[in-house]
Every structure is written in C-alpha cells, then in structure tokens.
Amino acid sequence: MKVTTPAVGGICQSKQGRDKGRYYLIVGTEPGGLIAVTDGNFKKLATPKKKNLKHLYLLPDKAETIALKLIEGKQVFDTEIYSALKNYNFPKPDETAGEENIKA
C-alpha cells in the first residue's frame, strides 16, 4: 500500500541528502510541499528538519499516540519520538545470523 499524502504522526524515510535512509516522524506540513520531520535524536522537535515531499518515502506506519498528542497540542518529548523510531533506525541484528558466524 503506497501512501501519497503526509499525515502528522506518519513515519517516513529520507530518499535524498546526507541523511539518506534515515527514518523520521512527520510533525507538520508547510506551504510549498515542505514537510517538517524529526527523529528525536539528531533533529529535535523544537527545530524540525524541513524536507521536500519528493525527497521522502512515506510509510503506511503511523505512531498513533504521538500523532494524537501533536494534534491535540499536548507536550511531546523527543524521547518518545526516538523510542517510536528506534526499531526503524536501529534494527536488531538477526539472531540466526549470529549463530552462523560462531562455528566451532
């Protein structure tokens, strides 16, 4: 399922730039096709990164609880965003791959 419209709380991946391959959370949209994104680590919520929509790959996944907080205007912490994106940006290595490397 391909997502074409950015939504607050949606998860996206950078296709262009020095941050290529990095996952972000969409925190807002700006005029001119710019999307405000943050990862809770390098780009904090206080100063979100502005990326062109054509430089982002939108995923069908969404951080529902964070999206609800952002829409309602409640406080969201960078640690919440970082935790939501942790499995995307830092995937766990396969457990089976480790067993193959340890051969006696």
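For Tyr88, the side-chain contact (heavy atoms from CB on, under 4.5 Å) test picks out Ile11, Tyr23, Leu59, Asp61, Leu85, with sequence neighbours left out. For Glu64, the side-chain contact (heavy atoms from CB on, under 4.5 Å) partners two or more places apart in sequence, or in a different chain, are Lys62. Pro48 is linked by a side-chain contact (heavy atoms from CB on, under 4.5 Å) to Val27, Ala36, counting only residues two or more places apart in sequence or in another chain. The side-chain contact (heavy atoms from CB on, under 4.5 Å) search around Leu68 returns Glu72, not counting sequence neighbours. Take Lys69 and apply the salt bridge (Lys or Arg N to Asp or Glu O under 4.0 Å) test, not counting sequence neighbours, and it matches Glu80.
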- request: Please test Ile81 against Tyr24 for side-chain contact (heavy atoms from CB on, under 4.5 Å), starting from the C-alpha separation and ending with a verdict.
  value: CA-CA 9 Å; Ile81 297 170; Tyr24 291 101; over 6 Å; no

- request: Kindly determine whether Lys15 and Lys20 satisfy side-chain contact (heavy atoms from CB on, under 4.5 Å), including the steps that lead there.
  value: CA-CA 5 Å; Lys15 295 193 288 189; Lys20 181 179 180 180; 5.8 Å; no

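The minimum heavy-atom distance between Leu25 and Ala63, with the atom names listed, is CD1-CB, 3.8 Å. In terms of heavy-atom proximity, Pro6 sits nearest to Thr29 at CG-CG2, 4.3 Å. Nearest heavy atoms, Cys12 versus Leu58: CB-CD2, 3.8 Å.
Using a 4.5 Å cut-off between side-chain heavy atoms of Ile, Leu, Val, Met, Phe, Trp and Tyr, with links allowed through other members, Phe77 and Ile71 fall into different hydrophobic clusters. Neither Tyr82 nor Val76 shares a network with the other; the hydrophobic side chains, linked directly or stepwise wherever heavy atoms of I, L, V, M, F, W or Y lie under 4.5 Å apart, form separate groups for each.
The backbone N or O of Gly21 sits less than 3.5 Å from a side-chain atom of Gln13, completing a donor-acceptor pair.
Residue pairs meeting the side chain to side chain donor-acceptor pair (under 3.5 Å) criterion with at least one partner in residues 31-49, sequence neighbours excluded, are Arg22-Asp39.
Considering CD1 of Ile35 and NZ of Lys54, their distance stands at 13.0 Å, rounded to 0.5 Å.
By the 4.5 Å heavy-atom criterion applied to side chains, Ser14 and Lys51 are counted as neighbours.
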